[in-house]
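We count ligands from 1, going down the list as the structure has it; atoms in each ligand are counted the same way.
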Amino acid sequence: MTTTTLNDAAEQVREQVIAWRRHLHQHPELSFHEEKTAQFVYETLLSFGNLEVSRPTKTSVMARLIGSQPGRVLAMRADMDALPITEENDFDFASKNPGVMHACGHDGHTSMLLGAAKVLSGMKDRIKGEVRFFFQHAEEIYPGGAEEMVQAGVMDGVDLVIGAHLWAPMEYGKVGIVSGPMMAAPDTFWITVFGKGGHAALPHQTIDSIAIGAQVVTNLQHIVSRNTDPLDNLVVSVTQFIGGTTHNVIPGSVKMWGTVRSFDPKLREEAPKLMERVVKGITEAHGATYEFKYEFGYRPVINDAEVTRLMEEVVVETLGAEWVDHMRPNMGGEDFSAFQQKAPGCFFYIGAGNKEKGIVYPHHHARFTIDEDALEVGVKMFVNAARKVVM
Ligand code: NI
């Protein structure tokens with residue numbers, strides 16, 4: 001099977017893939033509630049024939065294409081969930097589900113993988129080994145759907161796993177490849193500072209939780225700038241600060257919420273200890289007390305060197321060397337990492353922005369969209385990865 005044959009087959013499903021994407025875009029569903037989406041995917045996969053289709057969890061779908069000869073098992077993953085955002089695009093295929101929108105491109109991920117499944121299911125007799133298609137629920141909300149699917153056994157026997165994200169900050173015409181650490185572990189913290197409330201004109205009779213909380217925020221920034229190795233990657237962001245009711249009352253407490261991002265497991269373990277030391281020191285210094293809660297989220301996405309090399313070859317052979325973008329890692333999070341715990345894997349980005357077409361809005365924006373030409377790129381990447389691994 002040649003690249004040209006597979007690319008032609010991918011082009012033949014192009015219109016169908018766009019139609020699926022638009023259907024899914026009109027009917028977005030929130031994380032863990034992808035009932036109609038999963039049913040649609042399940043029925044569509046069944047219509048292709050040659051696939052063993054199952055439902056590993058309530059709102060996920062798996063399809064197995066078992067070849068006529070033995071060989072390796074290649075898994076491919078798409079996520080299917082949408083976000084609680086009111087769409088501001090005026091497409092004729094805009095969301096029909098008020099307050100819910102496919103604003104991260106997961107509609108595209110699902111339709112690309114359906115396209116690949118359609119192409120490959122017609123080539124069963126050429127497959128040595130197996131291609132396994134994961135249609136995953138709930139990527140956006142911790143603890144995430146990937147971990148649930150792994151618990152359900154979908155990775156049993158898998159030799160390598162790949163997944164893609166349509167990426168609007170990258171222009172159409174590029175595929176982003178990163179070897180090693182690619183996306184961070186996203187962890188979450190909550191801090192409450194307890195002072196003593198009172199009259200704003202008599203601050204000496206209070207313990208001012210706002211003034212102390214502000215120092216906590218400032219001093220947390222010293223962790224990255226002064227405590228950790230400048231060559232290590234760490235982000236500490238306070239993203240919410242709630243306290244007070246009016247201009248003349250010092251509140252008794254303030255609450256903070258935020259995120260910590262890291263790649264390195266040791267640094268990840270260390271971060272909450274460094275943070276609590278700051279919170280404890282600042283609050284004690286001013287006679288206040290505190291509560292500190294910390295939750296570890298998804299593991300970091302660390303791409304396997306071998307699988308990444310293979311995927312880079314797929315880009316070069318399928319699309320051309322000029323398509324390769326050796327992009328920098330970023331501190332976003334992705335539960336694709338759960339699959340990578342079980343087998344070597346590679347997560348890659350498909351450029352889906354297009355300034356000329358006005359496709360410029362960031363992910364999770366009410367006017368987010370993708371260049372639909374990128375869907376064909378995804379199908380080509382998946383089917384040609386199968387060519388290299390199981391054909
Ligand atoms: Ni996403």
Side-chain angles (χ1 to χ4, degrees), residues 20-21 24-25 27-34 37-38 41 59-61 76-87 89 95 97 100-114 133-149 161-172 174-178 182-186 188 259 261 297-303 327-340 345-353 359-372 374-375 377-378 381-382:
W20 284 326
R21 183 254 164 169
L24 293 166
H25 195 84
H27 305 284
E29 292 176 299
L30 293 175
S31 311
F32 296 105
H33 298 280
E34 305 89 340
T37 305
V41 166
T59 54
S60 66
V61 185
M76 304 176 176
R77 173 269 207 168
D79 45 9
M80 306 193 289
D81 52 333
L83 289 155
I85 294 174
T86 299
E87 178 155 15
N89 289 312
S95 171
N97 189 357
V100 185
M101 176 188 175
H102 269 296
C104 197
H106 299 189
D107 49 346
H109 302 168
T110 303
S111 55
M112 290 188 309
L113 195 60
L114 282 173
F133 305 91
F134 299 157
F135 293 88
Q136 183 207 312
H137 59 303
E139 186 279 327
E140 299 283 2
I141 295 185
Y142 184 80
E147 187 62 39
E148 280 190 359
M149 289 185 80
V161 58
I162 58 172
H165 208 300
L166 292 160
W167 200 237
M170 182 184 285
E171 287 284 290
Y172 168 78
K174 294 285 177 194
V175 175
I177 299 280
V178 179
M182 183 193 187
M183 296 178 78
T188 310
T259 187
R261 307 289 169 116
Y298 300 150
R299 295 178 191 87
V301 173
I302 313 278
N303 283 338
M327 60 186 292
R328 304 182 74 192
N330 68 68
M331 302 306 272
E334 240 293 345
D335 73 345
F336 181 76
S337 54
F339 301 114
Q340 291 176 305
C346 178
F347 193 65
F348 57 97
Y349 283 174
I350 296 171
I359 298 166
V360 295
Y361 291 95
H363 291 255
H364 298 204
H365 188 284
R367 297 191 67 185
F368 172 82
T369 191
I370 53 163
D371 185 344
E372 287 178 325
L375 299 173
V377 176
M381 287 292 300
F382 283 127

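- A salt bridge links Arg77 to Glu334: one of the charged nitrogens lies within less than 4.0 Å of a carboxylate oxygen.
- Counting just the N/O/S atoms of His165, the one with the shortest distance to the Ni ion (ligand 1) is named NE2.
- Aromatic ring orientation, Phe368 versus His363: tilted (interplanar angle from 30° to 60°).
- Ring orientation note: the planes of His102 and His106 are tilted relative to one another, at an angle of 30° to 60°.
- The only option from His33, Glu29, Glu148, Glu34 that meets the side-chain hydrogen bond (donor to acceptor under 3.5 Å, both in side chains) definition with His137 turns out to be Glu148.
- Among the backbone and side-chain atoms of His363, no N/O/S atom is found under 2.8 Å from the Ni ion (ligand 1).
- Rounded to 10°, the angle formed at the Ni ion (ligand 1) by SG of Cys104 and NE2 of His106 is 100°.
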